Amino acid sequence: MRILVVGSGGREHALTWKIAQSPLCDALFCAPGNGGISRVAECVSIDVEDLEALGDFAEQEQIDLTVVGPERPLIIGIVDHFRSRGLRIYGPTAAAARLEGSKSFTNELIERAGVAGKRFRVFDTAAEAQRYVREQGAPIVVKADGEAAGKGVTVAETVEEAIEAVNRCMVEKAFGRAGERVVIEECLVGQECSIKVFTDGETVVPMVPSQDYKRIYDGDEGPNTGGMGCYSPVPAVTPDIFEHVVEKMIRPTIAQMAREGNPYTGTLYAGIILTEDGPRLLEYNCRFGDPETQVVLPRLDGDLVEILLATAEGRLDSIDVRWRDECAVCVVCASGGYPGSYDRGKEITGLSDATADEHVVIFHAGTKRVGRRFLTDGGRVLGVTALGATCREARDRAYNAVGSIEFEDMYFRTDIAERAIDSE
Ligand code: GLY
């Protein structure tokens with residue numbers, strides 16, 4: 001089969017790495033890819049939002065299956081576009097991707113599905129939103145309704161902060177149309193984790209859970225990032241919690257989407273918060289997580305292409321999906337300054353030494369290949385993943401590998417997976 005992956009980060013490197021291992025894969029392309037991905041796939045310089053050009057490429061290259069990494073092409077309709085051209089693709093339609101693209105759509109849908117979410121209200125004017133914030137008090141969560149590249153959510157500790165967030169969305173229009181409507185939600189407290197599933201709209205096959213570290217500094221301090229590391233499994237997600245999330249949240253959501261004429265196909269990512277009163281849904285994403293995919297796929301014991309193909313063809317019930325009973329830890333190495341401004345073009349050394357341990361795999365998130373050298377080319381540069389019999393073993397292997405890698409101003413958190421090790 002000829003396969004195309006759309007995207008350019010660590011998630012897409014993990015996808016191409018796993019797809020390349022499949023005996024079903026004869027040729028692999030990635031648009032646009034990155035330095036590390038270019039070692040397993042042919043990178044083609046097409047923007048992820050250029051649906052027409054991606055469709056043309058898939059037709060010219062006779063691509064049998066396209067797999068989409070980031071949310072943006074899904075939200076703007078890449079699946080609809082490819083299907084209208086008779087091209088096979090893995091992911092949800094634009095109507096189904098509203099589970100990530102519109103917070104109000106999701107909150108209202110899960111209410112109809114009877115899923116435990118958060119108390120919320122939707123506002124189309126700043127004055128009404130501000131009045132509601134004053135009535136409710138803080139802490140409180142303000143979200144731009146639309147997809148705002150992960151920047152549209154404010155967990156406000158004070159009423160003033162919440163009002164500022166409303167103004168940023170609705171008055172200053174910092175997120176454009178995505179912030180024309182805001183959703184204001186109660187603030188829940190607890191550990192966050194995610195459970196993703198493969199689904200063809202009917203059959204639901206869960207992946208192993210994972211936990212991401214969103215803040216830049218150790219101890220969960222500092223600004224939010226795309227994710228500074230993660231681990232799987234998550235001891236806080238007990239078998240009961242896992243079953244509750246899959247049976248009482250995800251399955252009813254998928255069933256409700258089908259009932260309402262928007263069958264959801266592809267990966268559904270449920271962001272969960274473990275409150276004192278049990279698990280509650282924080283958000284849905286319409287894609288694989290990043291860096292979560294970098295710990296989930298190394299634990300997949302089998303052929304990812306078989307699963308993706310069966311999902312895209314609506315026959316997921318015919319596939320047996322198994323997971324390795326091992327732990328995976330991923331430590332993200334970032335450019336100094338991230339998530340603010342940072343330099344690019346720093347030479348990365350030590351990559352071969354870091355992978356001398358067969359339990360370690362390095363996923364490139366933001367790199368460029370120049371001849372045999374790799375240069376930094378993004379905020380998150382590398383995801384260093386290791387497997388181990390225990391989380392401690394996986395963590396020690398991952399940090400040992402990180403110790404071999406160098407580039408100017410490299411930054412990483414030193415406490416990834418500590419929470420899991422404490423409970424081991
Ligand atoms: N790491 C969070 C996400 O992929 O949305």
Side-chain angles (χ1 to χ4, degrees), residues 5-15 34 48 67-75 91-92 97-103 106 141 143-144 146-155 175 178 190-198 207-217 220 222-234 237 245 250 266-274 281-299 328-334 338-339 363-366 378-385 412-413 415-417 419-420:
V5 173
V6 175
S8 63
R11 164 184 47 209
E12 288 75 23
H13 193 183
L15 282 164
N34 67 33
V48 300
V67 183
V68 186
E71 64 278 10
R72 194 65 204 146
L74 295 165
I75 289 170
R98 282 181 296 170
L99 279 182
E100 175 159 2
S102 168
K103 314 292 178 232
T106 302
V141 180
K143 292 183 173 176
E147 185 270 318
K151 299 197 174 74
V153 178
T154 303
V155 180
F175 309 115
Q191 272 194 59
E192 291 181 28
C193 61
S194 66
I195 297 176
K196 288 159 280 295
V197 299
F198 300 104
M207 303 184 211
V208 286
S210 54
Q211 188 170 59
D212 179 20
Y213 285 75
K214 293 214 167 68
R215 304 290 187 120
I216 185 77
Y217 302 127
D220 294 330
N224 265 330
T225 69
M228 291 302 295
C230 54
Y231 64 91
S232 173
V234 184
V237 179
V245 171
I250 298 177
T267 297
L268 183 64
Y269 168 129
I272 303 295
I273 185 158
L274 306 174
L281 181 76
L282 274 182
E283 62 177 0
Y284 278 129
N285 292 322
C286 61
R287 52 176 170 78
F288 288 95
D290 194 1
E292 289 91 328
T293 308
Q294 300 173 54
V295 292
V296 170
L297 290 185
R299 294 193 59 208
V329 172
C330 170
V331 178
V332 169
C333 300
Y338 174 77
F363 297 117
H364 291 224
R380 290 188 293 176
V381 176
L382 303 168
V384 179
T385 295
F412 57 90
R413 273 182 69 154
D415 61 350
I416 303 300
R419 234 178 262 138

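Whatever order the structure lists them in is the order used to number ligands and atoms, beginning at 1. The model shown is predicted, which means the values in this text are computed figures rather than measured ones.
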Check: Hey, does G271 sit under 4.0 Å from ligand 1 if you only count heavy atoms?
Finding: no
| field | G227 touching ligand 1 at heavy-atom level, < 4.0 angstrom | value | no
Checklist entry - Would you call the rings of Y213 and Y231 parallel, tilted or perpendicular if under 30° counts as parallel and over 60° as perpendicular? => result tilted
Quick one: does any side-chain atom of R413 pair with a main-chain N or O of Y217 as donor and acceptor, under 3.5 Å? yes
* Asked: Does F288 come within less than 4.0 Å of ligand 1, judged by its heavy atoms?
  -> no
Next on the checklist: Whether the side chain of R380 engages the backbone of T225 through a donor-acceptor N/O pair (distance < 3.5 Å, no angle test) should be reported.
Outcome noted: no
Ligand 1 atoms nearer than 4.0 angstrom to some heavy atom of R287 are 3 (C), 4 (O), 5 (O)
All heavy atoms of P92 vs all of L74, minimum pair found to be CD-CD2, 3.7 Å
One finds that the ligand 1 atoms under 4.0 Å from a non-hydrogen atom of D212 are 1 (N), 2 (C)
Closest non-hydrogen atoms of Q294 and C330, given as atom of the first, atom of the second and distance, are OE1-SG, 3.7 Å
- Message: With a 4.0 Å cut-off on heavy atoms, is R11 in contact with ligand 1?
- Response: no
Ligand 1 atoms nearer than 4.0 angstrom to some heavy atom of N285 are 5 (O)
The residue among E292, K196, E71 that forms side chain to side chain donor-acceptor pair (under 3.5 Å) with Y269 is E292
task = Using distance alone, decide if ligand 1 has a nitrogen or oxygen within less than 3.5 Å of any nitrogen or oxygen in K214.
result = no
So the atoms of ligand 1 within less than 4.0 Å of a heavy atom of G289 turn out to be 4 (O)
The atoms of ligand 1 lying under 4.0 Å from a heavy atom of Y269, numbered in the order shown, are 2 (C), 3 (C), 5 (O)
**Prompt:** Ion pair present between E283 and K143, side-chain N to carboxylate O less than 4.0 angstrom?
**Reply:** no
Near G226 (heavy-atom distance under 4.0 Å), the atoms of ligand 1 are 1 (N)
**Asked** Any side-chain heavy atom of P70 within less than 4.5 Å of one from R11?
**Response** yes
